[in-house]
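The structure appears right after this line, and notes come after that.
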Amino acid sequence: MSDVRENKYSLRSAYVFKCDKNNFNIKKINLNDDDLGKLENFIGTINVDRIKELDRESLNTSNKYKISDDAEDSYQRTVMKSLMEMLNYDTNIPILQSFSELFDSNNLLYTSIVYFYKASEGDVSKEDNLEHTRLYVYQLKKSGILKNKLNMFKRVKTDPIENNDMMSIISIDEGFSLPFEEHDSVATFTEKQLSETEKIITINVLNASKFDEIFDTRETQAVYASHVLEKFLNGNLTLSSNNLRIELGNKVNKEDILSEVTADDQLLKAFSSFKGTQRSTIQQTSKEEISDVFNYLRERIKVDADLLFSNEDIPTINNDKIILTKRSVKIFTALLENKIIEKLLNKNIVIPYFE
């Protein structure tokens, strides 16, 4: 009889990690199979059924979103895939030797824990066996540190006649309470092997702000922002239904634009996430409509003292090109976000980067 395993994920290992500018500091928690089985029962399954696909043209991203395999490349995929690849080949990952390596003077030295699951499908004795991988990422909290604690626990009754709960006091010199509840989860990553050469990936971000925090994604977003700007300048990415090209203003270079973009987290995220799909509002907007928006903004700054931008902050259109400067990059980026450009087209001025 063939050794066929059910396509069921099982917890294989657990790691703590800290990410600093795309560099992972990872250590493996030394757990035996019995401990992994107990931990797996506590963790359970994270419900991702109702999580919606990421809207890449919306700055007001939900705190929860899904990135499917048919989506374009993203910084979220980059960091999660890097983590998965390191864990998949963990022979060089050191073991967490003691609690002093996890926290020092009641301060955590690692930000997160990742639970590493695997599943097999098919005949494990043959080459066509398919391997699937899943990661559950949780945030580590300072409140999880157990140091010089006395804890009271309910003990299993040995006397069936006894009505009252039996209690035990356990002294803990050093320890840590592992996160396993769904409200502490940050992200999941699933890589499913369809054939020997084909795989699909799905990412569920369950807490967007914590995701960006623990993966220190500013560096990765800056790389993506640079790629987006490069595509604008070489003509591979245009704007509007008239395919307006982007050109830098006089004495302006790419570094000037990127320094302005990376100086603001909200601006950076919006700029780096823009893909220019035909679903985005800006790509369905004409050159004349964009020009009307710019003209309206120029008229409003003459009569509305509450507006926080000036004429130099408004982009200009020269023939079939939008001229981009360091000052105008904020309003330019506002055009890329569906909800903002829709408001501007309706003469409702909402530009968050000046707030």
Side-chain angles (χ1 to χ4, degrees), residues 56-59 72 221-355:
R56 295 173 182 273
E57 315 323 325
S58 175
L59 179 63
E72 295 187 50
Q221 289 182 59
V223 172
Y224 275 83
S226 179
H227 290 165
V228 171
L229 180 59
E230 187 64 37
K231 288 196 289 185
F232 272 133
L233 297 180
N234 63 26
N236 289 334
L237 189 56
T238 59
L239 290 184
S240 85
S241 58
N242 300 101
N243 296 316
L244 295 174
R245 294 193 61 162
I246 311 304
E247 184 176 277
L248 296 180
N250 187 32
K251 297 182 179 179
V252 178
N253 56 47
K254 290 193 298 183
E255 287 69 29
D256 294 331
I257 303 299
L258 291 174
S259 67
E260 187 69 20
V261 168
T262 56
D264 181 282
D265 288 347
Q266 198 175 18
L267 189 65
L268 173 60
K269 192 161 190 173
F271 196 94
S272 64
S273 299
F274 184 70
K275 302 299 178 184
T277 64
Q278 292 307 308
R279 298 190 307 273
S280 59
T281 302
I282 186 63
Q283 303 298 45
Q284 301 172 35
T285 304
S286 70
K287 171 186 173 181
E288 289 73 22
E289 289 174 308
I290 295 175
S291 182
D292 287 345
V293 166
F294 294 162
N295 290 334
Y296 178 70
L297 294 178
R298 291 189 182 93
E299 290 300 317
R300 291 304 302 167
I301 60 177
K302 298 175 183 177
V303 296
D304 190 345
D306 288 332
L307 293 176
L308 300 177
F309 55 87
S310 65
N311 194 60
E312 290 185 348
D313 297 310
I314 303 171
T316 58
I317 297 178
N318 184 5
N319 295 324
D320 289 327
K321 297 177 181 178
I322 296 178
I323 308 303
L324 185 60
T325 66
K326 186 173 181 177
R327 287 284 299 271
S328 67
V329 70
K330 291 181 179 180
I331 292 178
F332 173 82
T333 304
L335 302 177
L336 310 182
E337 200 276 301
N338 285 347
K339 288 184 173 61
I340 298 179
I341 181 63
E342 287 164 7
K343 289 179 182 296
L344 291 173
L345 289 169
N346 289 312
K347 300 189 181 331
N348 183 6
I349 302 176
V350 178
I351 304 175
Y353 317 118
F354 291 101
E355 295 177 354

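Only heavy atoms go into these numbers, but all of them, side chains included; no hydrogens, no water, no symmetry mates.
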Practice task
For the residue pair Leu336 and Leu239, establish whether any side-chain heavy-atom pair is separated by less than 4.5 Å.
Solution key: yes
Exercise for the section: Could you give me the CA-CA distance, side-chain angles and deciding distance for Leu268 and Tyr224, then say whether side-chain contact (heavy atoms from CB on, under 4.5 Å) is met? Expected result: CA-CA 9 Å; Leu268 173 60; Tyr224 275 83; over 6 Å; no
Practice task
Might you point out which heavy atoms bring Lys275 and Leu237 nearest each other, and give the distance in Å?
Solution key: O-CD1, 4.0 Å
Practice task
Could you please spell out the steps behind the side-chain contact (heavy atoms from CB on, under 4.5 Å) verdict for Thr316 and Arg298?
Solution key: CA-CA 11 Å; Thr316 58; Arg298 291 189 182 93; 3.3 Å; yes
Practice task
Take Ile290 and Ile282 through the side-chain contact (heavy atoms from CB on, under 4.5 Å) test and state the conclusion after the steps.
Solution key: CA-CA 9 Å; Ile290 295 175; Ile282 186 63; 3.6 Å; yes
Exercise for the section: State whether the side chain of Asp313 and the backbone N or O of Ser328 hold a donor-acceptor pair below 3.5 Å, judged by distance alone. Expected result: no
Exercise for the section: Look only at the side chain of Gln284 and the backbone of Ser241, and say whether a donor-acceptor pair between them is shorter than 3.5 Å. Expected result: no
Exercise for the section: Would you please indicate if the ring centroids of Tyr353 and Phe332 are separated by under 6.0 Å? Expected result: no
Practice task
Just do the side-chain hydrogen bond (donor to acceptor under 3.5 Å, both in side chains) check on Asn346 and Asn348 with the steps written out, would you?
Solution key: CA-CA 6 Å; Asn346 289 312; Asn348 183 6; over 6 Å; no
Exercise for the section: Give, for atom CD of Glu247 and atom OG1 of Thr325, the distance between the pair rounded to the nearest 0.5 Å. Expected result: 12.5 Å
Problem - Asn242 side chain to Lys287 backbone, donor-acceptor under 3.5 Å - result: yes
Handout entry: Minimal non-hydrogen separation, Leu344 against Ile349, with atom names
Key = CD2-CA, 4.0 Å
Exercise for the section: Have a look at Leu229 and tell me which of Val329, Leu324, Asn234 forms a side-chain contact (heavy atoms from CB on, under 4.5 Å) with it. Expected result: Leu324
Problem - Under the side-chain contact (heavy atoms from CB on, under 4.5 Å) test, residues paired with Asp306 that sit two or more places apart - result: Asp304
Handout entry: Side chains of Phe271 and Thr262 in contact at under 4.5 Å (non-hydrogen atoms)
Key = no
Exercise for the section: Check Ile331 against Pro315 and note the closest heavy-atom contact, atom names and distance. Expected result: CG2-CD, 3.6 Å
Practice task
Take Ser286 and Glu289 through the side-chain hydrogen bond (donor to acceptor under 3.5 Å, both in side chains) test and state the conclusion after the steps.
Solution key: CA-CA 5 Å; Ser286 70; Glu289 289 174 308; 3.3 Å; yes
Problem - Nearest heavy-atom neighbours spanning Leu248 and Ile323 - result: C-CG2, 4.3 Å
Practice task
Verify side-chain contact (heavy atoms from CB on, under 4.5 Å) between Leu244 and Ile322, making sure each step is shown before the conclusion.
Solution key: CA-CA 7 Å; Leu244 295 174; Ile322 296 178; 4.0 Å; yes
Practice task
Heavy atoms only: give me the nearest Arg327-Ser310 pair and the separation to one decimal.
Solution key: NH2-OG, 2.9 Å
Handout entry: Check: Gln283 side chain, Gly276 main-chain N or O, donor-acceptor pair, under 3.5 Å
Key = yes
Practice task
State, to 0.1 Å, how close Asp256 and Asn253 come at their nearest heavy-atom pair, and which atoms those are.
Solution key: N-OD1, 2.8 Å
Practice task
Please examine the side chains of Val350 and Ile340, heavy atoms only from C-beta on, and report whether any two atoms are closer than 4.5 Å.
Solution key: no
Practice task
Answer yes or no: is there an ion pair linking Arg245 with Asp320, defined by an N-O contact shorter than 4.0 Å?
Solution key: no
Handout entry: From CG (Leu297) to CG (Asn295), nearest 0.5 Å
Key = 9.0 Å
Problem - Close side-chain approach of Glu342 and Asn338, heavy atoms under 4.5 Å - result: yes
Exercise for the section: Would you indicate whether the side-chain heavy atoms of Lys330 and Phe309 approach each other to under 4.5 Å? Expected result: no
Completion exercise
Taken to the nearest 0.5 Å, the spacing of Leu345 CG from Tyr296 OH works out to 12.0 Å
Problem - Straight-line distance of Ile351 CD1 to Lys343 NZ, nearest 0.5 Å - result: 12.0 Å
Problem - Main-chain N/O of Ala270 paired to Ser273 side chain as donor or acceptor, under 3.5 Å - result: no
Practice task
Would you give the length of the straight line joining atom NZ of Lys326 to atom CD of Glu255, rounded to the nearest 0.5 angstrom?
Solution key: 11.0 Å
